[in-house]
> 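Right, I'll just put the structure down here and ask away after.
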Amino acid sequence: MNFYQEVYKLVAKVPKGKVATYGQIAALISTPRAAQVVGFALRALPQNSEVPWQRVINSQGCISIQNPRWPQSEQARLLKREGIKVAFSHNVYRVDLDKYLYSFRAR
DNA sequence: AAGGTGACTAACA
DNA sequence: ATGTTAGCCACCT
């Protein structure tokens, strides 16, 4: 199973109402340095994927997506729909990590 | 088939 | 404190 597959598997474990960061996922698979690759993997997902990619944000708690198919505003809406509060200021969407960050259980 | 191209992040200057 | 850089992987020419 390659890196991308691992990413999808882990992202799928993030429960509704919680979020995870790219670095967090990367650290679980290999090294924390692969954070960017996590983003690459999500970018490669088909539009109709079942993977809850919207629950993955950057270490600042900000929506970091760069994909014309899914504008940031759309990701923000998806998260709000799941009960997550998304603040919008300075033209940036942000989530309170202290509140919503998901902690993966060991193993 | 080799190389460019991305949803990041922590470490440095 | 703000800007730059290295490390990382699969997919598409």
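The sequence lines fix the lettering, A, B, ..., with proteins before strands; numbering per chain opens at 1.
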> Residues in side chain to side chain contact (heavy atoms under 4.5 Å, CB included) with A/Pro46, at least two apart?
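If we apply the side chain to side chain contact (heavy atoms under 4.5 Å, CB included) test to A/Pro46, skipping adjacent residues, the hits are A/Asn48, A/Ser49.
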> Does the protein touch nucleotides 7-13 of chain C at the base, only the backbone, or not at all? Give it as B, S and - per nucleotide, heavy atoms under 4.0 Å.
BBBB---
> Side-chain donor-acceptor pairs under 3.5 Å in residues 22-39 of chain A, sequence neighbours left out?
{"from": "A/Gln24", "atom 1": "OE1", "to": "A/Thr21", "atom 2": "N", "distance (Å)": "3.0"}
{"from": "A/Gln24", "atom 1": "NE2", "to": "A/Tyr102", "atom 2": "O", "distance (Å)": "2.6"}
{"from": "A/Thr31", "atom 1": "OG1", "to": "A/Arg33", "atom 2": "N", "distance (Å)": "3.2"}

> With rounding to whole Å, what would you report as the distance between B/dC12 and C/dC8 at their P atoms?
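B/dC12 and C/dC8 have their P atoms separated by 15 Å.
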> By the salt bridge (charged side-chain N to carboxylate O under 4.0 Å, His left out) test, which pairs, at least two apart or in different chains, include something from residues 61-75 of chain A?
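Found A/Glu74-A/Arg77.
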> Between which nucleotides of DNA chain B, 5' to 3', does chain A make heavy-atom contacts below 4.0 Å?
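Nucleotide range with atoms under 4.0 Å of chain A: B/dG6 to B/dA10.
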> According to ring-ring contact (aromatic ring centres under 6.0 Å, His included), does anything in residues 37-68 of chain A pair up with another residue at least two apart or in another chain? List the pairs.
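Passing the test, one end in residues 37-68 of chain A: A/Trp53-A/Trp70.
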> Taking side chain to side chain contact (heavy atoms under 4.5 Å, CB included) as the test, write out the residues that go with A/Lys80, two or more places apart.
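Once residues adjacent in sequence are excluded, the partners of A/Lys80 under the side chain to side chain contact (heavy atoms under 4.5 Å, CB included) criterion are A/Val86.
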> If you measure from the P atom in C/dC9 to the same atom in B/dA1, how many Å do you get, rounded?
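One P to the other, the span is 22 Å.
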> Would you please name every residue forming a side chain to side chain contact (heavy atoms under 4.5 Å, CB included) with A/Asn91, sequence neighbours left out?
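So A/Asn91 forms a side chain to side chain contact (heavy atoms under 4.5 Å, CB included) with A/Phe88.
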> With a 3.5 Å cut-off and sequence neighbours excluded, list the donor-acceptor pairs that the side chains of residues 92-99 of chain A form with protein atoms.
{"from": "A/Asp96", "atom 1": "OD1", "to": "A/Asp98", "atom 2": "N", "distance (Å)": "3.1"}

> What residues from residues 65-98 of chain A pass a heavy-atom cutoff of under 4.0 Å to DNA chain B?
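Listed by number, they are A/Ile65, A/Gln66.
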> For the atom pair CD1 (A/Ile84) and NZ (A/Lys18), what is the distance rounded to the nearest 0.5 Å?
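Reported value, rounded in 0.5 Å steps: 8.5 Å.
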> Check side-chain hydrogen bond (donor to acceptor under 3.5 Å, both in side chains) between A/Glu50 and all other residues, then give those that pass, not counting sequence neighbours.
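A/Glu50 satisfies side-chain hydrogen bond (donor to acceptor under 3.5 Å, both in side chains) with no other residue.
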> Under 3.5 Å, sequence neighbours excluded: what are the donor-acceptor pairs made by side chains of residues 56-63 of chain A?
{"from": "A/Asn58", "atom 1": "OD1", "to": "A/Gln60", "atom 2": "N", "distance (Å)": "2.9"}
{"from": "A/Asn58", "atom 1": "OD1", "to": "A/Gly61", "atom 2": "N", "distance (Å)": "3.2"}
{"from": "A/Asn58", "atom 1": "OD1", "to": "A/Cys62", "atom 2": "N", "distance (Å)": "2.9"}

